[in-house]
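Notes for the one structure printed next.
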Amino acid sequence: MGTYRPDSSTLLADDSILEYVLETTVYPREHERVRELRLITQQHPLSFMGSSPDQMQFFSVLLKMMGAKNTIEVVAIDVSREYYELGRPVIEKAGVAHKVDFRAGDGLAVLDGMLDGAAGTFDFAYADADKLQYGGYHERLLRLVHVGGVIAYDNTLWGGSVAMPRDTPGSSEYDRVVRDYMLEFNAAVAADDRVEACVLPIADGVTLCRRVK
Ligand SMILES: C[S@@+](CC[C@H](N)C(=O)[O-])C[C@H]1O[C@@H](n2cnc3c(N)ncnc32)[C@H](O)[C@@H]1O
């Protein structure tokens with residue numbers, strides 16, 4: 001049986017492997033403003049919620065490979081404005097504030113509001129908001145990205161718990177609820193003929209879905 005990794009930053013067998021990747025490949029080429037944003041975020045008591053830097057580097061490479069221009073992040077859509085405000089000064093200093101259209105509100109409701117007028121216009125979407133709404137995000141994001149566009153879901157292996165018994169020691173009741181949800185979500189994505197999907201064992205598990213119809 002595998003080891004439950006509730007910290008969500010890596011599913012690698014040992015943290016030293018993640019440190020190796022970060023120190024050799026991620027941090028040396030990290031943009032100065034991205035580093036600033038990362039260091040500010042790390043001071044926050046909820047910093048564990050931040051997506052892993054190696055995963056973000058992967059997205060950066062992927063988006064450039066895709067030539068993606070128009071993207072949605074169900075976090076640039078956020079019920080809380082506080083987290084966006086934390087990073088906004090750095091986004092402004094980087095000169096890219098005009099590219100970020102923050103929408104305060106519930107992810108499902110904001111996505112619903114975008115369907116009229118923006119359907120099929122996005123190249124890439126990233127969902128890392130309410131874990132128990134992934135099925136709802138999927139239906140809406142599939143309409144918002146064009147055929148050939150990509151949707152990424154974070155935390156789909158939930159500390160490895162999807163492959164472990166429900167009562168694995170160290171898991172909370174919330175962990176068990178999310179584990180059960182991810183089991184259903186992962187099965188639904190695997191059977192969804194509108195997408196070509198794969199699961200990457202990076203960070204806490206990332207599912208990529210390429211819209212094919
Ligand atoms: C895991 S964090 C995202 C971290 C982000 N990927 C990063 O690297 O900084 C989850 C975010 O989802 C937001 N959230 C939770 N429920 C939401 C909902 N129903 N609609 C929109 N955002 C929600 C939280 O406020 C939080 O900012």
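Ligands are counted one by one from 1 in listed order, and the atoms in each one are counted from 1 as well. Just so you know, these numbers use all the heavy atoms, side chains as well, and skip hydrogens, waters and symmetry mates. Just so you know, residue 1 is the first one in the sequence shown, and it goes up from there.
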Tabulated below should be the N or O atoms of ligand 1 paired with protein N or O atoms at under 3.5 Å; can you produce that?
unit_1	atom_1	unit_2	atom_2	d
ligand 1	6 (N)	S51	OG	3.1
ligand 1	6 (N)	D128	OD2	2.7
ligand 1	8 (O)	S51	N	2.7
ligand 1	8 (O)	S51	OG	3.4
ligand 1	19 (N)	D106	OD1	2.8
ligand 1	20 (N)	G107	N	2.8
ligand 1	22 (N)	V79	N	3.4
ligand 1	25 (O)	D78	OD1	2.6
ligand 1	27 (O)	D78	OD2	2.5

- Query: For the residue pair Y153 and F185, is the inter-centroid distance of their aromatic rings smaller than 6.0 Å?
  - Reply: yes

The ring-ring contact (aromatic ring centres under 6.0 Å, His included) partners of F102 (sequence neighbours excluded) come to Y84

* Hey, does the side chain of N155 reach the backbone of D204 with a donor-acceptor pair shorter than 3.5 angstrom? -> no

Hits for side chain to side chain donor-acceptor pair (under 3.5 Å) against R140, two or more places apart or cross-chain, chain-then-number order -> D112

Determine all donor-acceptor pairs shorter than 3.5 Å in which one atom belongs to a side chain in residues 59-69; sequence neighbours excluded.
unit_1	atom_1	unit_2	atom_2	d
S60	OG	K64	NZ	3.0

### Message
If we ignore hydrogens and angles and just use 3.5 Å, is the side chain of R210 paired with the main-chain N or O of V150 as donor and acceptor?
### Response
no

